[in-house]
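Input: a single structure, listed below in structure tokens.
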Amino acid sequence: MLLKRRSPAISTEAPELLAGFEQLEPSAVAVVRWLNVNKIDYVLVGPVARAIRGEAGTAGPVAIVPAPYGRNWERLCTALTAERAGLRADTAAHGTHAAPAAIPVKLTAEKLSRGRRWLLRCGNHDLDIEGLPLPEAQTPDQAAPGYQELLYEAGRFEIAEGISVEVAAPEDLEHYSHVRRTGQAPEFRVMRTGAAEHHPA
């Protein structure tokens, strides 16, 4: 009888970061390594991408734009399910500094591929899956570049021995940041009440 192979888990063992990347949070490096060992194709955007490119004072979750093909969504879904990923609440519970527990959610490859933005937590690690480009009806300055555009302009960085990542170009990082600030991209998030709601980014 064939046994289904378990997806590699997020490792808590901190690798030695290469020169120039010492500012990266161990949790972020762990998530990047986990994505890689699960053979997920993606481009890194968001605050961790900015930190890798040398921007000071950046902090936040790992944010990715996955390659939009079926097997990649399946790998990502399998990895997230194995880590019991849940929806991330906006803030910690009132009067505490600890991050709230993730709200359970049933993930499927089909759900992930719909183009929404997902704010997820896997144990103590946060991962944002950015939505697909907005419809063509939107103005060009509102539409974030998609995976192929990002990959074409991305730079590959080795942040630790054996851990490399495709990082979006600076102008694309700013574009995604703009879309997030202006509230154009839809996202899934959980409010402090614990109820899952759909809000603009």
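Counting begins at 1 with the first residue of the sequence. The analysis underlying the following values was restricted to heavy atoms, covering all of them including side chains, and did not include hydrogens, waters or symmetry mates. Everything numeric here is computed off the predicted structure, so don't read it as measured data.
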Do [X] and [Y] have side chains that approach each other closer than 4.5 Å (heavy atoms only, starting at C-beta)?
X      : Y      : result
Leu119 : Leu87  : no
Ser27  : Asn124 : no
Thr108 : Trp73  : no
Trp118 : Val105 : yes

I'd like to check the side chain to side chain contact (heavy atoms under 4.5 Å, CB included) partners of Thr81; sequence neighbours left out, ordered by chain and number.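 Per chain and number, Thr81 pairs via side chain to side chain contact (heavy atoms under 4.5 Å, CB included) with Cys77.
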Please name all residues satisfying side chain to side chain contact (heavy atoms under 4.5 Å, CB included) with Ala9, sequence neighbours left out, ordered by chain then number. Glu83
Derivation of the side-chain contact (heavy atoms from CB on, under 4.5 Å) call for Asp172 and Val43: CA-CA 11 Å; Asp172 289 329; Val43 174; over 6 Å; no
In Å and rounded to the nearest 0.5 Å, what is the [atom1] to [atom2] distance from [X] to [Y]?
X      : Y     : atom1 : atom2 : answer
Arg75  : Leu35 : CZ    : CG    : 12.5 Å
Leu80  : Ile40 : CG    : CD1   : 6.5 Å
Leu107 : Arg84 : CG    : CZ    : 13.5 Å

Does CD in Glu13 sit with more than 12 non-hydrogen atoms of other residues, nucleotides or ligands closer than 6.0 Å? no
Assess the residue pair Leu127 and Trp34 against the criterion (side-chain contact (heavy atoms from CB on, under 4.5 Å)); give the C-alpha distance rounded to whole Å, side-chain angles, the decisive distance to 0.1 Å, and a yes or no. CA-CA 11 Å; Leu127 174 68; Trp34 168 73; 4.2 Å; yes
Side chain to side chain donor-acceptor pair (under 3.5 Å) against Asp126, all qualifying residues, sequence neighbours excluded: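 So Asp126 forms a side chain to side chain donor-acceptor pair (under 3.5 Å) with Arg121.
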Using the test side chain to side chain donor-acceptor pair (under 3.5 Å), find all partners of Glu110 that sit at least two apart in sequence or belong to another chain. Arg114
Compile the donor-acceptor pairs under 3.5 Å between side chains in residues 50-67 and protein atoms, sequence neighbours left out, one pair per line.
residue	atom	partner	partner atom	Å
Arg50	NH1	Glu55	OE1	2.9
Arg50	NH2	Leu173	O	3.3
Arg50	NH2	Glu174	OE1	3.2
Arg53	NE	Ala168	O	2.7
Arg53	NH2	Val167	O	3.3
Arg53	NH2	Ala168	O	3.4
Thr58	OG1	Pro47	O	3.4
Thr58	OG1	Glu55	O	3.4

In one Ile/Leu/Val/Met/Phe/Trp/Tyr side-chain cluster, 4.5 Å: Tyr42, Tyr69: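 Different clusters.
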Val37, Ile129: one ILVMFWY side-chain cluster at the under-4.5 Å cut-off? no
Kindly give the heavy-atom pair with the smallest separation between Leu120 and Arg88, and that separation in Å. O-NH1, 2.9 Å
Ala30 and His125: which non-hydrogen atoms are nearest, and at how many Å?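 Result for this residue pair: CB-CE1, 4.1 Å.
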Checking Asp41 now: which residues fulfil salt bridge (charged side-chain N to carboxylate O under 4.0 Å, His left out) with it, not counting sequence neighbours? none
Donor-acceptor pairs under 3.5 angstrom involving side-chain atoms of residues 152-165: please list them, not counting sequence neighbours.
residue	atom	partner	partner atom	Å
Arg156	NH1	Glu166	OE2	3.1
Glu158	OE2	Gly162	N	3.2

